[in-house]
Amino acid sequence: MRKVLIADDDKLSRKLLQMTLEKAGYEVVAVEEGAAAGRILCEPGAPRLALLDWMMPGLDGPAVIRVVRSQEGMPYVHMILLTSRQSKDDLIAGLEAGADDYLTKPFHPEELRARLHTGERILQLEDKLVEAREEMRFKATHDPLTSLWNRSMIMDILKREVTRAGREREPRSVAVAIGDIDHFKKVNDTYGHAAGDEVLREVASRLTRSVRGYDAVARYGGEEFAILLSQTNAHHAQGVAEKLRRLVETWQFPGVPRPVTISAGISTFPEHGTTRDELVKAADAGLYAAKQSGRNRVVLAPMALKAASPA
Ligand code: GH3
Ligand code: MG
Ligand code: MG
């Protein structure tokens, strides 16, 4: 049922409003002062429609509106001021406080219902807009096939994490792992692209399930994955990557008779570099070495890389 909040200190007017709205099918929450209205409208699951009397003891209508509008991250509330004031200056002040609409008392029941319908239409549009924005945000930061973070997002996350780790008095270690499916082209060529896609999805889901909630897993390229392990040293990162490698190796993908394997390279902050790009480059070098030495293995980036890179 649609919920609406009424705030009016005048008992008769409040009862009249309540009756009219209940008759029109609304669930009514009625309060007699502004502070209660402000509190209720800021609670989770609050009514998204509100009729606020202008003049109330304590917080008046415009003050309630200001309180509600100052909250961030809340669903939009459509607020209508009830006023016996007729002066244009007053109305302008009310709208400037953030009111969406106003009704003059004594109200006309049909007009009241029509105004609330307008409010509901606006809320529906607002919800659609928020949904579309969320969807766009998801699409901009995630890979469509696996729903993992995409490359640009993991690059942002890595940069943020490395910068943060570098600021600490006692530098925290951060590990970066880059994994690549071995001979993936053959999987596609032999079993078809759809089977290849399934393998990518399953590898993605295994990687996600094997790390902690505050680690980040991304699809870094076609069949490449990047993992950020926060507060993780080289020894621990190697253990995690090794576990992931085995998890993939031992999985029998339906429709893919031969085992699917991954190779991975690992680098750690601050040992292999103090910037994101140095760490990515080092992890890539580890991956290259893993491929060169026979695949299906995890290789910690050579330390020589840092010594060789310009300061
Ligand atoms: P290596 O062990 O050296 O990594 O060999 P590889 O065959 O895995 O590497 P290569 O780079 O030669 O081939 C990668 C393949 O990944 C080629 C490309 O068609 C496939 N690929 C990339 N993205 C997708 C995708 O979204 N779906 C599927 N099915 N295949 C993909
Ligand atoms: Mg590959
Ligand atoms: Mg590759």
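We count ligands from 1, going down the list as the structure has it; atoms in each ligand are counted the same way. Computed from a prediction, not measured in an experiment: that's the story for all the values here.
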Checklist entry - When only distance counts, is Leu145 in polar contact with ligand 1, meaning an N/O pair under 3.5 Å? => result no

Next on the checklist: Counting only nitrogen or oxygen atoms and a 3.5 angstrom limit, does Ile181 reach ligand 1?
Outcome noted: yes

Item to check | Nearest to the Mg ion (ligand 2) - the N/O/S atom of Glu223, by atom name | outcome: OE1

Checklist entry - the Mg ion (ligand 2) is nearest to which N, O or S atom of Asp180? => result OD1

Option whose closest heavy atom lies nearest to [atom], chosen from [options]:
atom	options	answer
atom 3 (O) of ligand 1	Arg295, Glu198, His183, Glu224	Arg295
atom 26 (O) of ligand 1	His193, Lys185, Arg219	Arg219
atom 27 (N) of ligand 1	Asn188, Thr146, Asp182, Asp197	Asp197

In terms of atom number and element, which parts of ligand 1 are under 4.0 angstrom from non-hydrogen atoms of [X]?
X	result
Gly196	29 (N)
Asp180	4 (O)
Gly222	22 (C), 23 (N)

Next on the checklist: If only side-chain N and O atoms count, and only distance matters, is there a donor-acceptor pair under 3.5 Å linking Arg209 with Ser205?
Outcome noted: yes

Next on the checklist: Under a plain distance cut-off of 3.5 Å, with no hydrogens placed, do Arg212 and Thr232 share a side-chain donor-acceptor pair?
Outcome noted: yes

Checklist entry - Looking at Arg201 and Glu198, does any basic side-chain N land under 4.0 Å from a carboxylate oxygen? => result yes

Item to check | Residues Asp143 and Arg219 bridged, charged N to O under 4.0 Å | outcome: yes

Next on the checklist: Is the ring pair Phe253/Trp251 parallel, tilted or perpendicular, if the boundaries are 30 and 60 degrees?
Outcome noted: perpendicular

